[in-house]
Number of protein chains: 2
Amino acid sequence: MSPRKSVAETQHTRQRIVERSLAIASVEGLEGLTIGRLANELGMSKAGVLGHFGTKVSLQLAVVDAAATAFTEEVPRRVGDVRPGLPYLRAVCEAWVSYLERRSLPGGCFFTAAAAEFDGRSGPVHDAVTALNALWQRDLRVHVRRAVTAGDLPSDTDPDQLVYELMGVMLALNHFLQLQHDEAAPARARRAFRRLLGT
Amino acid sequence: MSPRKSVAETQHTRQRIVERSLAIASVEGLEGLTIGRLANELGMSKAGVLGHFGTKVSLQLAVVDAAATAFTEEVPRRVGDVRPGLPYLRAVCEAWVSYLERRSLPGGCFFTAAAAEFDGRSGPVHDAVTALNALWQRDLRVHVRRAVTAGDLPSDTDPDQLVYELMGVMLALNHFLQLQHDEAAPARARRAFRRLLGT
DNA sequence: CCTACCGATCGGTAGG
DNA sequence: CCTACCGATCGGTAGG
């Protein structure tokens, strides 16, 4: 029998599970993630892993949550103190390119992969992924609007159209980097962003 | 014991299996496809299904092949007899938008989904998906070059850059349509293509 | 956090 | 194309 663990130790174990899950899921997908593999790689029993979450869906939701936190730390938070509107847009797009260049996760952008995996399914995981995707696009749209108001983007700019095109450049970067290992892709993404957001 | 089937009947059954597999895989992914589910939905035994392919990987490859054939029929073949270069590019981009608008597959573009699913894996399925993706981009690039040569696109056009941006618009259309059911997305895609390829 | 176990399902095979 | 079956693994539970 294992000795009783402190709350801190329990939370640390939980964090280890989630981190490993995130790395596995970025390659195999959230459905390809299995309790047995997780237990094996962490040197634990399946029951020990599952005890922290109850069900696989709860584990998946914890992984989505951790991915959102990591993404926030690695992209928007790295933008630094730049003004809202166009300066923010340019900085956050550059932060996105840099995030994928750094290869923080072996499978590239977790949310791009999760969006493709769950877009045809239903349930809490789909809903969580969709909600976070919406948040990200809302953030972009807010700053596009401010840029237009400030006169930094043409007054006839359609914010939804620009968000659509920015998203396209981002999705393409993940695609070219992950599927084709195209090392020229980051430069192409930067050039495309420059064309959309001015020099 | 079932009566002996003719070659034609055997091929018909095989085709039924592949078609159903394609519909399932476009939603659940090629890994989420299972022999048991397939057998159940087709009213066959698992052995009856698997007998046509031998292994699950062979079935997956047959599905990729069928998806490629269907894609060719539904996109490049619908372009009609338009001149190579810029006219072809405009027509094939419009055919792509129309293809996704028609919702031929419940999960959207099969290759976009398969690319995201297999970009971190290795093996014959990954290789097949990657090769078809490369073919598609090569086709686009060939016509971009011709358009430049013909003087229909600026002489300083970087073909790989334009292919990258065209791919971004395509990936974004699938993303907005599948994940967000955004019915305005096709119009945004058309507008983005127009901006990239002239009015 | 463990051992021991559950029914269901996985891909695949033998034999006809 | 079927029945019958294989070992492995799935998510999850009981009980401690």
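Model, not experiment: these values are computed from the prediction. Chain A is the first sequence line, chain B the second, and so forth, proteins listed ahead of strands; every chain is numbered from 1.
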| query | Who passes side chain to side chain contact (heavy atoms under 4.5 Å, CB included) against A:Asn174, sequence neighbours left out? | reply | A:Leu100, A:Cys109, A:Thr112, A:Gln178
| query | What do you reckon, is CZ of A:Arg16 surrounded by more than 12 foreign heavy atoms closer than 6.0 Å? | reply | no
| Would one find more than 12 heavy atoms of other residues, nucleotides or ligands at under 6.0 Å from atom CG of A:Asp81? | no
| field | Of the listed nucleotides D:dC2, C:dG12, C:dT3, the one nearest the side chain of B:Thr55 | value | C:dG12
| Between C1' of C:dC2 and CG of A:Leu42, the distance in whole Å | 15 Å
| A:Phe193 ring centre to A:Arg190 NZ or CZ under 6.0 Å, with the angle to the axis within 45°? | no
| Charged N to carboxylate O below 4.0 Å: is that the case for B:Glu28 and A:Arg121? | yes
| query | How long is the line joining CD of A:Gln11 and C1' of C:dC1, in whole Å? | reply | 16 Å
| field | Rounded distance (Å) that lies between atom P of D:dT13 and atom NZ of A:Lys56 | value | 15 Å
| query | To the nearest angstrom, how far is A:Phe53 atom CZ from D:dT13 atom C1'? | reply | 18 Å
| remark: In DNA chain D, stems of three or more consecutive pairs, Watson-Crick or G-U, each with both distances under 3.5 Å, turn out to be C:1-16 with D:1-16
| query | Between A:Thr13 and C:dC1, does any side-chain N or O lie under 4.0 Å from OP1 or OP2? | reply | yes
| request: Would you sort out whether B:Ser58 and B:Thr55 count as a side-chain hydrogen bond (donor to acceptor under 3.5 Å, both in side chains), showing the intermediate values? | output: CA-CA 5 Å; B:Ser58 292; B:Thr55 66; 3.2 Å; yes
| said: Going by ring pair (Phe, Tyr, Trp, His ring centres under 6.0 Å), name the residues that satisfy it together with B:His175, two or more places apart in sequence or in a different chain. | reply: none
| request: Determine, for A:Asp182 against A:Arg188, whether the closest basic-nitrogen to carboxylate-oxygen distance falls under 4.0 angstrom. | output: yes
| Distance, rounded to the nearest Å, where B:Met44 contributes CE and C:dG12 contributes P | 16 Å
| request: Count the heavy atoms of every other residue, nucleotide or ligand shown that sit under 6.0 Å from CZ of B:Arg103, and state whether that count exceeds 12. | output: yes
| said: B:Arg194: which residues meet the side chain to side chain donor-acceptor pair (under 3.5 Å) condition with it, sequence neighbours left out? | reply: none
| query | Once you round it to whole Å, what is the distance between P of D:dG11 and NE2 of A:His52? | reply | 17 Å
| field | Aromatic B:Tyr99 / basic B:Arg102 pairing, under 6.0 angstrom, 45° off normal | value | no
| message | Expressed as a whole number of angstroms, how long is the span from B:Ile17:CD1 to C:dG11:C1'? | response | 15 Å
| message | At a heavy-atom distance below 4.0 Å, what parts of residues 21-39 of chain B sit against DNA chain C? | response | B:Leu33, B:Thr34, B:Ile35, B:Gly36
For nucleotides 4-8 of chain D, which of its nitrogen or oxygen atoms have a protein nitrogen or oxygen under 3.5 Å away, and what is each distance?
none

